[in-house]
Number of protein chains: 2
Amino acid sequence: MNALLRDANPPLTRSVEDYLKVIYHLSNQGGFAATSDIAAMLDVAPPSVSGMVKRLSETGLIEHVPYRGVQLTAQGRRAALRMIRRHRILELYLTQHLGYDWGGVHAEAEQLEHAVSDELVERMASALGHPLYDPHGDPIPTAAGEIEEAELVSLADAPVGLKLELRQVGTQDSARLHYLAGQGLTPGVLLTVSERQPFNGPTTVALVPSGDPRVVGRELAQLLWCREVPVDGYGAAAR
Amino acid sequence: MNALLRDANPPLTRSVEDYLKVIYHLSNQGGFAATSDIAAMLDVAPPSVSGMVKRLSETGLIEHVPYRGVQLTAQGRRAALRMIRRHRILELYLTQHLGYDWGGVHAEAEQLEHAVSDELVERMASALGHPLYDPHGDPIPTAAGEIEEAELVSLADAPVGLKLELRQVGTQDSARLHYLAGQGLTPGVLLTVSERQPFNGPTTVALVPSGDPRVVGRELAQLLWCREVPVDGYGAAAR
DNA sequence: TAAGATGATTAGGCTATACTAATTCGATAA
DNA sequence: TTATCGAATTAGTATAGCCTAATCATCTTA
Ligand SMILES: [Mn+2]
Ligand SMILES: [Mn+2]
Ligand SMILES: [Mn+2]
Ligand SMILES: [Mn+2]
């Protein structure tokens with residue numbers, strides 16, 4: 001078959017969709033996604049990434065600077081955000097309508113995101129009342145491809161004394177998620193930073209309004225992304 | 001990599017899963033599924049089927065008699081029924097919980113059946129109350145791999161005068177399904193055969209209890225599979 | 001500034017799945 | 001009983017993904 005006659009815009013394969021998502025996450029802060037980081041996140045060998053990168057840049061989904069890394073083009077970014085929308089709507093639907101807990105949804109959504117039709121995604125979004133956040137607090141991109149960019153501080157960096165709303169939990173690891181849920185540390189919770197031990201020590205917080213203390217080690221604290229709340233306090237209701 | 005060290009039981013690919021399903025449907029009545037019929041149903045070229053048939057028989061999923069066709073082994077049959085269970089539960093879930101109509105579910109389920117986990121399938125089955133039939137009236141295999149074998153007559157062959165319950169609609173074509181639904185011809189409906197024109201002519205039925213007449217051409221009548229109902233009449237309630 | 005170390009790429013191969021063109025088998029019909 | 005025809009198979013090729021081993025580029029450090 002003549003290459004010129006081949007479909008100019010074939011649908012993306014599931015591999016390509018996953019590559020675009022991880023490139024989005026790795027280059028989100030404006031930088032380049034490195035080959036080895038992409039390889040690690042997708043659990044493939046670095047040469048596999050080099051090969052895929054060649055194809056993706058030929059099709060105009062990414063920009064490749066050899067030995068530096070890659071970034072998404074506008075087209076690639078649109079495709080990535082479409083996948084992220086699907087993934088997060090699926091996660092929320094599975095928790096809200098099918099009894100999944102937030103530690104178990106990720107793996108299921110990782111598969112389903114490639115199989116659902118646009119129609120099904122939008123039907124689930126409707127059934128959920130067009131939600132803005134997934135079960136982990138991550139913002140759901142709109143169908144038009146816009147995504148909320150919140151300025152959040154990690155609990156590991158938040159100064160003592162601050163009152164915070166926990167907004168996002170930055171892991172998909174189900175053991176960590178289950179532990180955090182057991183501690184009552186889920187998106188939407190209010191807390192104040194009561195102290196922090198030196199030398200990368202744990203952070204102690206007090207839940208609001210109960211006042212219950214929680215001691216959070218640095219590894220987990222780095223995963224807890226928070227929004228500062230005015231101390232007089234109706235920030236959560238205003239969200 | 002040494003072939004002997006490769007995974008002895010790799011998960012089935014989506015292609016393999018679809019081949020097994022169509023072989024099941026084509027060889028259901030005990031016969032052999034022909035290469036060209038498999039090719040037509042999967043919309044691939046016959047040599048592609050020959051190649052796949054070789055691999056599937058090497059892995060013990062089918063039995064191949066060259067130039068005759070193929071049949072499923074016990075293992076292949078189990079795999080096929082597992083896919084059919086997934087497909088039918090998905091179809092029913094999409095219609096019952098997400099507002100799909102019965103003409104639109106098939107294509108969606110055809111993709112999702114390969115992506116859902118066993119856990120998700122069983123959660124959907126629970127949410128549906130462990131249903132026995134899909135939206136088209138087809139029986140849903142159990143998780144253990146058993147399937148109801150009903151003796152049904154096609155409306156095209158049913159003798160005049162008989163009282164019938166419409167049980168299954170044997171097509172996935174959405175135009176035909178929409179038309180039939182518009183005529184009130186959906187699984188569970190009761191009807192009596194009032195007359196049939198000769199020379200492959202249409203069959204006229206009366207809906208029960210309304211008595212409304214419906215004239216059904218031979219092509220559609222052949223798709224309507226019915227169960228005979230005792231004339232005194234509580235068959236439907238006993239189902 | 002030259003050597004390592006580290007990370008990226010190229011070279012070469014493998015499997016799954018499809019295709020077209022050529023060939024072969026088997027059933028039917030002269 | 002053989003010629004023929006349609007179905008099935010084989011031969012050969014392509015693409016998407018992945019791999020390991022070898023090479024190459026860039027950054028760091030002595
Ligand atoms: Mn995925
Ligand atoms: Mn999430
Ligand atoms: Mn179906
Ligand atoms: Mn399918």
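Every chain is numbered from 1 and lettered A, B, ... according to where its sequence line falls, protein lines coming before strand lines.
Taking atom CG of L56(A) as the reference point, atom C1' of dA16(D) lies 12 Å away to the nearest angstrom. If you take CE of M52(A) and C1' of dT9(C), they are 16 Å apart, rounded to a whole angstrom. Look at CG on L12(B): it is 13 Å from C1' on dA16(C), rounded to the nearest Å. Distance, E58(A) CD to dT15(D) P: 12 Å, rounded to whole Å.
Under the salt bridge (Lys or Arg N to Asp or Glu O under 4.0 Å) criterion, the residue pairs touching residues 77-86 of chain A are R82(A)-D118(A), R85(A)-E122(A), R86(A)-D118(A), with sequence neighbours excluded.
By the 4.0 Å N-to-carboxylate-O rule, R227(B) lies too far from E151(B) to be salt-bridged with it. Taking the charged nitrogens against the carboxylate oxygens, K54(A) and E58(A) have no contact shorter than 4.0 Å, which rules out a salt bridge.
Remark: Y19(A) is in phosphate contact with dC18(D), judged by side-chain N or O atoms under 4.0 Å from OP1 or OP2. OP1 or OP2 of dC18(D) sits under 4.0 Å from a side-chain N or O of S15(A). OP1 or OP2 of dC19(C) has at least one side-chain nitrogen or oxygen of S48(B) nearer than 4.0 Å.
Side chain to side chain, T171(A) and R176(A) fail the donor-acceptor criterion of an N or O pair below 3.5 Å.
Ring-plane geometry between H87(A) and H106(A) is classed as tilted, the angle between the planes lying from 30 to 60 degrees on a 0 to 90 degree scale.
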Contacts under 3.5 Å, N or O only, protein and nucleotides 7-11 of chain D:
| from | atom 1 | to | atom 2 | distance (Å) |
| --- | --- | --- | --- | --- |
| dA8(D) | OP2 | S36(B) | N | 3.0 |
| dA8(D) | OP2 | S36(B) | OG | 2.7 |
| dT9(D) | OP1 | H64(B) | NE2 | 2.6 |
| dT9(D) | OP1 | Y67(B) | N | 3.4 |
| dT9(D) | OP2 | T35(B) | OG1 | 2.9 |
| dT9(D) | OP2 | S50(B) | OG | 3.0 |

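Here E113(A) pairs with K21(A) under the salt bridge (charged side-chain N to carboxylate O under 4.0 Å, His left out) rule; sequence neighbours left out.
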